[in-house]
Amino acid sequence: MDLAQLTRDLDALSTSTRAAVEAAPDVAALAALELEILGKKGRLTEILRGIGSLPVEERPQVGAVANVVRRSIEQVLAERHAALSGSELEARLLAERVDVTTPGRPVRRGALHPSIEAMGEIAEIFGRFGFVVHETPEIEDDLTNFQLLNIPPDHPARDLWDTLYLDVPGRLLRTHTSPGQIRVMQSTKPPIRVLLPGRCFRYEAIDASHGSEFFQVEGLMVDEGTTLGDMRGLLDEFAHAMFGAGKKTRFRPGYYPFTEPSVAFDVECLVCGGVGCPACGRTGWMTILGAGMVHPVVLRNCGLDPERYQGFAFGMGPERISMLKHRINDLRLFLEDDLRFLEQFR
Ligand code: 2NL
C-alpha cells in the first residue's frame, strides 16, 4: 500500500458515495448508506486502516485527504437528507390532508316530550308560589293508595281505579300520585306546599287512545286557616300564567272521596273564547283540573287535627294541559312517539 493508492481509493470512495447518495430513494436508505460508508466498520475506516503501512512522514497527508473526503461525504448526506425528508413530509401532508371547511355531520338534537315539558311548566308556575316538587314511590300499598284517602275496600269509588297489582301481597302500582301526598302529610308538619309530578298506572284494555301508564301532577297545601278562597286565587294565577292573563275561569261542583267540597276547575274555551264551539262541546268552557278541600277524614288519617289544619289539593293531567295550550286535538299523539309530532316541540 502506498500514498498514491490510498489517495485514489479515497477519491474513488468519494465519487461512488456521491452517486449512491444521489440515488438513495428515501431517508431510510440514506441512513443505511451512512452506516455503510462512515460507520465504525464502514468502508472509509477500512481504507484508513492502510495508513499503518505508510512511512510515518506520509501519514498526515493521507489523514488530511481522509478528513476532506469524510467531510464532503457528510455534507452530501446532509443535503440529500434535507431534500428527501422535505419531500417525504410534503407527501405525508398531502396524503393526510384534512379539509377543515367540510361541513360536520349534523347532530340530531333531542327535545323534551310534550308531557314532560308541560310538567316542567306546571312545576315552574307553582314554584313561584312556594310549592316544592316532591317525588314518591311508584310502587304503593293498598292502605296509602286507597284506604287513607277515604277510599275503603268496598267503596264504590274504587271502581274508578282499575288497579295493577304486583305479585307481592299488598303491593300495587299507584293509580294516582295522591298516596305521595299522604306520605308528605304523615311525615311533615304544616305548613305544607308540595307538588307531585309522576307516572301512574291503571289496568286498561290497551287501545289507540288508552295506555296503562300516564302522568299526573298533584298539588297539596296544608296550613292553619287555609280556605277554598286561597285555592281559587292560586288556581286562577295558574290558569292565567299557563293560558294567558285575563282568561275567565270557573269552579263547578265535583266529587272526589278525598276532598270535600270537590270542584272541577274550568277555563274559558281557548278556541272560541267562551262563545261555544265544537272544541268545547259548545259549552264555552274547558276543564283543566280537579280540586277540593282535603277531606277532614284524610287529614285525621295522616295524624293532622282538622280543627287546627285545613288544606286543599288539586290534580291534573299534563297531556290535557299540553293539548289545551298547543291546541292538540288527539291524545293518541302523546302515546305514539311519532317524531313528526314530537319534533314540533323544540
Ligand atoms: C284529577 C283530580 C285531584 C286530589 C286530586 C288529593 C290528595 C290528597 C288529599 C286530597 Cl292526599 N286530595 N288529591 C284532590 C282533588 C282532585 O285530582 O282530575 N286529577 C287528574
Side-chain angles (χ1 to χ4, degrees), residues 115 118-119 122-123 126 131-132 134-137 140-152 155 157-158 160-162 174-188 190-202 204 210-211 213-223 226-228 230-232 234-235 238-239 242 251-267 285-304 306 309-324 331 334:
S115 304
M119 284 198 283
I122 295 163
F126 284 105
F131 283 74
V132 176
H134 220 79
E135 287 188 87
T136 57
E140 270 296 354
D141 49 58
D142 189 273
L143 182 73
T144 320
N145 194 78
F146 292 122
Q147 295 172 48
L148 297 180
L149 281 157
N150 201 29
I151 316 169
H155 193 287
R158 275 233 180 161
L160 297 174
W161 293 279
D162 294 317
R174 66 179 178 194
T175 56
H176 43 188
T177 49
S178 315
Q181 314 214 33
I182 293 291
R183 294 184 182 282
V184 171
M185 284 191 280
Q186 287 170 332
S187 62
T188 317
I192 294 169
R193 287 187 198 188
V194 286
L195 199 72
L196 283 86
R199 201 180 285 276
C200 304
F201 308 83
R202 291 191 193 176
E204 303 245 20
H210 291 86
E213 293 180 33
F214 59 96
F215 289 103
Q216 194 182 17
V217 181
E218 273 191 274
L220 172 74
M221 169 156 173
V222 181
D223 202 351
T226 302
T227 70
L228 191 73
D230 295 332
M231 178 170 86
R232 176 82 224 239
L234 175 70
L235 295 181
F238 167 69
M242 184 60 89
F251 274 175
R252 278 186 297 122
Y255 172 74
Y256 300 102
F258 32 74
T259 46
E260 181 59 36
S262 303
V263 299
F265 183 59
D266 297 348
V267 65
W285 297 95
M286 290 173 153
T287 301
I288 57 179
L289 54 82
M293 299 305 290
V294 179
H295 199 296
V297 166
V298 175
L299 287 172
R300 212 173 287 119
N301 286 344
C302 298
L304 297 172
Y309 296 112
Q310 297 75 40
F312 60 78
F314 52 89
M316 68 191 97
E319 288 81 9
R320 181 164 178 78
I321 300 296
S322 179
M323 285 173 79
L324 295 174
L331 182 72
F334 287 83

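It should be emphasised that the depicted structure is a prediction, and the values quoted were computed from it without experimental measurement. In what follows, every heavy atom counts, from backbone to side chain, and hydrogens, waters and symmetry copies are set aside. Start at 1 and go down the list; that is how both ligands and their atoms are numbered.
Residue contacts with ligand 1, taken as heavy atom pairs separated by less than 4.0 Å, involve Ala291 solely via the backbone atoms N, CA, C and O.
Defined by atom type and a distance below 3.5 Å, a donor-acceptor pair is missing between the side-chain atoms of Thr226 and Asp223.
A cation-pi arrangement is absent between Arg202 and Phe214, since the terminal nitrogen or guanidinium carbon is not both under 6.0 Å from the aromatic centre and inside a 45° cone about the axis.
Shown in contact with Glu218 at under 4.0 Å from a heavy atom are these atoms of ligand 1, numbered in order with element: 4 (C), 5 (C), 6 (C), 7 (C), 13 (N). Distances below 4.0 Å separate heavy atoms of Leu149 from the following atoms of ligand 1: 8 (C), 11 (Cl). Ligand 1 places these atoms under 4.0 Å from at least one heavy atom of Gln181: 11 (Cl). Which parts of ligand 1 touch Met316 is read off a 4.0 Å heavy-atom cut-off, strictly below it: atoms 19 (N), 20 (C). Residue contact check: Met185 has heavy atoms under 4.0 Å from atoms 11 (Cl) of ligand 1.
Counting only distance, with no hydrogens or angles, the side chain of Arg320 and the backbone of Leu331 share no donor-acceptor pair below 3.5 Å. Asn150 contributes a side-chain N or O that, together with a main-chain N or O of Pro257, makes up a donor-acceptor pair within less than 3.5 Å.
Of all protein heavy atoms, the one lying nearest to atom 20 (C) of ligand 1 is Gln216 NE2, 3.5 Å. What sits closest to atom 16 (C) of ligand 1 on the protein, heavy atoms only, is Gly290 O, 3.3 Å.
The shell of residues lying under 4.0 angstrom from ligand 1, judged by heavy atoms, excludes Leu220.
Partner of Phe314 under the ring pair (Phe, Tyr, Trp, His ring centres under 6.0 Å) criterion, chosen from Phe238, Phe126, Phe251: Phe126.
Take Pro306 and apply the side chain to side chain contact (heavy atoms under 4.5 Å, CB included) test, not counting sequence neighbours, and it matches Pro296, Leu299, Arg300.
Separating the CZ atom in Phe265 from the CG atom in Leu289 is a distance of 6.5 Å, to the nearest 0.5 Å.
Closest to atom 14 (C) of ligand 1 by heavy atom, among Phe215, Phe258, Tyr256, is Phe258. The heavy atom nearest to atom 6 (C) of ligand 1, considering only Gly315, Ala313, Pro179, Pro318, is found in Ala313.
Centroid-to-centroid, the aromatic rings of Phe334 and Phe215 stay 6.0 Å apart or farther.
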